[in-house]
Structures are given as C-alpha cells and as structure tokens.
Participant: 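The structure that follows is given in the form of structure tokens.
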2 protein chains.
Amino acid sequence: MATSDRVYLRVVEDLRRQILDGTLGPGAVIPSRAQLTRKYRVGETAARHALRALVSEGLIIGRIGSGHYVREASRLIPLHRWRFLDHATPFATDLQSQGRHVTWDWHSEPATAGSDLARRLGVAASATVTRTHYVFRGDGRPLQLATAYEPLGFAPHAGAERTSLVARMYAHGVKITEVVESLHTREPEPSEREALELPAGVHVLHVERTHWAGDRPVETSDIIVPGDRFRMVYSIPL
Amino acid sequence: MATSDRVYLRVVEDLRRQILDGTLGPGAVIPSRAQLTRKYRVGETAARHALRALVSEGLIIGRIGSGHYVREASRLIPLHRWRFLDHATPFATDLQSQGRHVTWDWHSEPATAGSDLARRLGVAASATVTRTHYVFRGDGRPLQLATAYEPLGFAPHAGAERTSLVARMYAHGVKITEVVESLHTREPEPSEREALELPAGVHVLHVERTHWAGDRPVETSDIIVPGDRFRMVYSIPL
DNA sequence: ACCGCGAAGTTGGGGCCCCAACAGTCATCG
DNA sequence: CGATGACTGTTGGGGCCCCAACTTCGCGGT
C-alpha cells in the first residue's frame, strides 16, 4: 500500500507530497523534530529519520540552530558541451553567454602520470605530464573543478595569449581530430565536497574528456560539477 | 587535521581507507555494529552512523540478517550515445556489441501532453501524444527505463518492421536533422527505484533526448539508467 | 532609536535500549 | 543420510535521553 508501515515513511511521504505539490514552497520552514513528534505522533528517532531522508533526497536542507527549509528548486544550469571548444575556457564562455559572471584561477605543475592516467594518455606510468588545476567561481560560489593533463611540451608559454586547446595544439603541429567525453555520476570525494561547498546528499557529474589527434590522445581532463546545479547538453547534427 | 573530532568519522575514515587501499577487498565482510563498538571503543550510535555513511557513499552494502560487505567496484558500462542511432533500440545494440544479452519489453498508449512535455515537444498542453514505455533488462537485472513521446501519426504500425526512429520518421517524410541530449543526475523517484531495483544511495542518470526536424521537435524521451552501473560516452569529430 | 544580552528553540553528534525480520550454523530426529 | 528446527548473530526501525553549537527573538537599558 501507499502508506508504509515504517512509521518514518509516513512522515516522509506526507512532507514530500506537500513539497512537490507546492503546499510547502521553496524556503518554507519544515516542522522541527519536536513539532513532528507531536504532529505525527511518532518518536524522536522516526522524526529524525524522516528529516534525514528528505535531506538526502535533496528536497530540504537543515540549517543548524535554525531549522529545516524547503530547498529552492535549483534550476539546472545547462552546460553546452563543445559549443565553445574554440575558446580558452569553454565553461566560462558558456556561462558568460548566459549572462553570468565567472572567474577562475588555475595553476600548473609537473606530475608523474600513474597507471590510470597512463592508460588514458597512452604514455608510460612513469612519464611526466603537465597537470593544471582549475577552479571556476560564479555568483561567489565555486562551480566547477577541472584538472587537465598534457604530455610535456605543449604547456602554454608563460604570459602567452589565452587560446583554445585546439588552437594551441595546432600551433605545435598537432591537429586535434576528435573529442570524447565519458560522463558518470558519483558521490563527491571529501576534497571535492569541500572545494565545491557541496551540501550532503549532492552528487557530482564527473566528465573525463580526452582530446585525440588521430589515434593518439594528446590531452585528458577530469571535470567535476555539482549535480544539483548543472545539466550537460550534447547536440549533434545528423 | 585528518582525524576529525566527530567520533563516527574516525570509524568511517579508517574503514574507507582499508576499502580503497584494498585491505578490505570486494566482498569482504565489514565488522558488525557490536564489533565496531568494541574495536573502536565508540557507542552503538556512532557505529551505526559510520556504517550508514559508508552505505550511502556506495562503498559497502548491508544485507539484513547477515552483515555489511564491501561493494564490488562495479565497472561502469559505457553507453556510446548516438553510435547506434540507426538502430531500433540503440541501447540494446550497444550492450549487445559489448557481448551482453539484453531483452526488453514496451507498450504504447495515448496520453495528454501536459505543460512540461508541451514545452519539449512544442505542442499544446492539451495535445494527445503517443507515449511508449520501455524496460530493458540484462543479466537478469533491469538496466534502463525509457519513455518516448511522439505526436500522433508516427507510431509504428502494429507488426511493422523494427526500424530506427530516424528511418521511421523519414518514411513519414520527416527528416531528422539534429539530436539533443540534456543529461543530469538526481535521486531516483520511488517508482524508478523499484523498477530498477536500486540500492539506497544510488543516483540515476536522466537523459532528456529530443529529435529535431529543422526547428521542430518531433520526438522526445526520458531515459533513466542507474548511476552506479553506466557511464555515458559522447564523441565528436572536429 | 538602537544595541547587547540572555533565554528559548533547533540541529546534529552521541549514548543506550528494545524488537522484528532474516541468515547461518549446528544438533537432533525421522 | 537428509530434513528440520532451535539458537545465535546481524541489520534496520524505533524509542528516549543528554549535550554542544548555533539562531532567533524579545526585553531591558542606554
């Protein structure tokens, strides 16, 4: 039947219904633990369970010392993959074209590939690659983490013009012929959760992007965005 | 510092480390609540919290009456989006080309569009569309849910050959020029959790796919796959 | 009119207990 | 020898309590 015999689910289902049908709009206050125990005549544990479940569903958030509130139906920002491949920072360009202000900083350093990366880049595990970390911010919040790996020699000269990867590679005589993105969802790692200021229960979208020149991978990167804020848009003409 | 002052995190961190570095391999049994309280000298609540956290991270699963076990590092099955667009069921073809056996069943019915769908299909909210539900199975497990919506008139004739959507539309004089996929991650709805037999804490990948003929959408579908089993692969030549 | 302080309410971590449903194991019975 | 049943251990739901850290709000004083 609909109303389960697990007591906390009764509470969850009722609150969820109210949130989804708009009775409790975005920002509305959810009854506190104490109020729930009285209202639904359940124990404190059940009330807790219910709240926790709704939090991990992403429907509400808890503000410690204050209360639980209905999460704003965070509009998912579309990221138009490879619409802006000819820009130095496709991500920032995409968001700027949507009228948002995006800033970022990055730093590069040499690193040894390791087995995983060696496979992706087609180099020896002991090879040295250039690793570049990016952090993108907008509206004062962190939006995207990216880590790019390239074999040595293609790194942008200090103070060089900011051009797209494709253009930069071309200048080195490497013609990029294909871009492949492999995308999955997962729980953020602790460092990512911190860097992206993710609330509990939010997953990330993890894109592994590889640029190919013929059958040789020439760049690969890991792109991490909060799953509750973005959607990826892919488009192909037939 | 690394070891937090939240007691249960000490347990989580220690177990997580052991799982990630292989000390506890896939299938290995995690100490029970009682054992954890003794081993880490914490209360039962903290032990519970730790176990629950690891479950929701997807690292372990709990089998009631038996114990908690390290989850096999479920290899993510690649789905090559639009590599098999010229097949009746790209999903099944893709998996079959990877040596898996996939079965599916579906049923069609008329339905009124509603506001959301009306926007996606560019029709009136009161318009009638053909809705087709698909359930794909493989290895005895449900793998994918899909719901396709088309304006009336294009539905396959009963007993007609199974051809791709593109070919079928073409036979109706509609030339599909573009395919757009919008992808995001979210918590599964209860019905999806049941249909896909999803363990707790697993998200789904939700693909909204729309076929365009010029500037007119002619088909749209919602494709739901378990986030812990699949990755989406997109590729474009430059 | 404004500031500061304290009381009350709230979340989240933690403790300890009870119980039902289920899984294994092992001994006993036909 | 095989089936059955009792016993033990485990998870997951639930109850109730204590406490620290934090927010809110109202009262009193300047």
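Order of the sequence lines fixes the chain letters, A, B, ..., with proteins taken first and strands second; residue numbering starts at 1 for each chain.
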Participant: Whole Å only: how far is the CG atom of A:Leu9 from the P atom of D:dG14?
Facilitator: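 To the nearest whole Å, that distance equals 7 Å.
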
Participant: If you check the B:Tyr8 side chain, which of D:dG13, C:dT10, C:dG13 turns out closest?
Facilitator: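 Closest nucleotide among those given: C:dG13.
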
Participant: At less than 4.0 Å, is any side-chain N or O atom of B:His68 found next to OP1 or OP2 of D:dT11? Yes or no.
Facilitator: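 Yes, such a contact exists.
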
Participant: Does A:Arg193 have any salt bridge (Lys or Arg N to Asp or Glu O under 4.0 Å) partners at least two apart in sequence or in another chain, and if so, which?
Facilitator: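 For A:Arg193 the salt bridge (Lys or Arg N to Asp or Glu O under 4.0 Å) partners, ignoring immediate neighbours, are A:Glu187.
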
Participant: For nucleotides 19-27 of chain C, just jot down a letter per nucleotide in 5' to 3' order: B, S or -, based on protein non-hydrogen atoms under 4.0 Å.
Facilitator: ---BSS---

Participant: Decide, yes or no, whether a salt bridge links B:Asp222 with B:Arg120 under the criterion of side-chain N to carboxylate O below 4.0 Å.
Facilitator: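 Looking at B:Asp222 and B:Arg120, the cut-off is met.
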
Participant: Give me the residues of residues 50-58 of chain B where at least one heavy atom lies under 4.0 Å from an atom of DNA chain D, by number, or none.
Facilitator: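 Residues of residues 50-58 of chain B that come under 4.0 Å of DNA chain D do not exist, since none gets that close.
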
Participant: Rounded to whole angstroms, how far apart are CG on A:Leu36 and C1' on C:dG12?
Facilitator: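 Rounded to whole Å, this separation is 15 Å.
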
Participant: To the nearest angstrom, how far is B:His49 atom NE2 from C:dG13 atom P?
Facilitator: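 One finds 5 Å between P of C:dG13 and NE2 of B:His49, rounded.
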
Participant: Quick one: list whatever passes salt bridge (Lys or Arg N to Asp or Glu O under 4.0 Å) with B:Arg16, sequence neighbours left out.
Facilitator: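 Partners of B:Arg16 under the salt bridge (Lys or Arg N to Asp or Glu O under 4.0 Å) test: B:Glu57.
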
Participant: Rounded to whole angstrom units, what separation is found between the CZ atom of A:Arg10 and the P atom of D:dG13?
Facilitator: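 Answer to the nearest Å: 16 Å.
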
Participant: Does a side-chain N-to-carboxylate-O contact under 4.0 Å join B:Glu44 and B:Arg33?
Facilitator: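 The answer is yes: the pair qualifies as a salt bridge.
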
Participant: Determine, stepwise, if the pair B:Trp82 / B:Tyr234 fulfils ring pair (Phe, Tyr, Trp, His ring centres under 6.0 Å).
Facilitator: CA-CA 8 Å; B:Trp82 56 59; B:Tyr234 292 89; 5.1 Å; yes

Participant: Does NZ or CZ of A:Arg63 lie under 6.0 Å from the centre of the six-membered ring of A:Tyr69, at an angle within 45° of the ring axis?
Facilitator: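 Yes - A:Arg63 lies over the ring of A:Tyr69, closer than 6.0 Å to its centre and within 45° of its axis.
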
Participant: Which residues satisfy the salt bridge (Lys or Arg N to Asp or Glu O under 4.0 Å) test with B:Arg131, sequence neighbours excluded?
Facilitator: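 Partners of B:Arg131 by the salt bridge (Lys or Arg N to Asp or Glu O under 4.0 Å) criterion, ordered by chain and then number, come out as B:Glu109.
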
Participant: Hey, can you pull the donor-acceptor pairs under 3.5 Å for the side chains in residues 19-28 of chain B, sequence neighbours left out?
Facilitator:
from	atom 1	to	atom 2	distance (Å)
B:Asp21	OD1	B:Thr23	N	2.9
B:Asp21	OD1	B:Thr23	OG1	2.5
B:Asp21	OD2	B:Arg17	NH1	3.3

Participant: Closest to the B:Thr45 side chain: D:dG13, C:dC16, C:dG13?
Facilitator: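 Of the options given, the side chain of B:Thr45 lies nearest C:dC16.
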
Participant: Could you tell me how far apart A:Glu44 (CD) and C:dG14 (C1') are, to the nearest whole angstrom?
Facilitator: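 Whole-Å distance recorded here is 12 Å.
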
Participant: Which listed nucleotide (D:dG14, C:dT11, C:dG14) is nearest to the side chain of B:Val7?
Facilitator: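 Among the listed nucleotides, the one closest to the side chain of B:Val7 is C:dG14.
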
Participant: If we check side-chain hydrogen bond (donor to acceptor under 3.5 Å, both in side chains) with B:Asp94, which of these qualifies: B:His80, B:His87, B:Arg100?
Facilitator: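 The single option meeting the side-chain hydrogen bond (donor to acceptor under 3.5 Å, both in side chains) with B:Asp94 is B:His80.
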
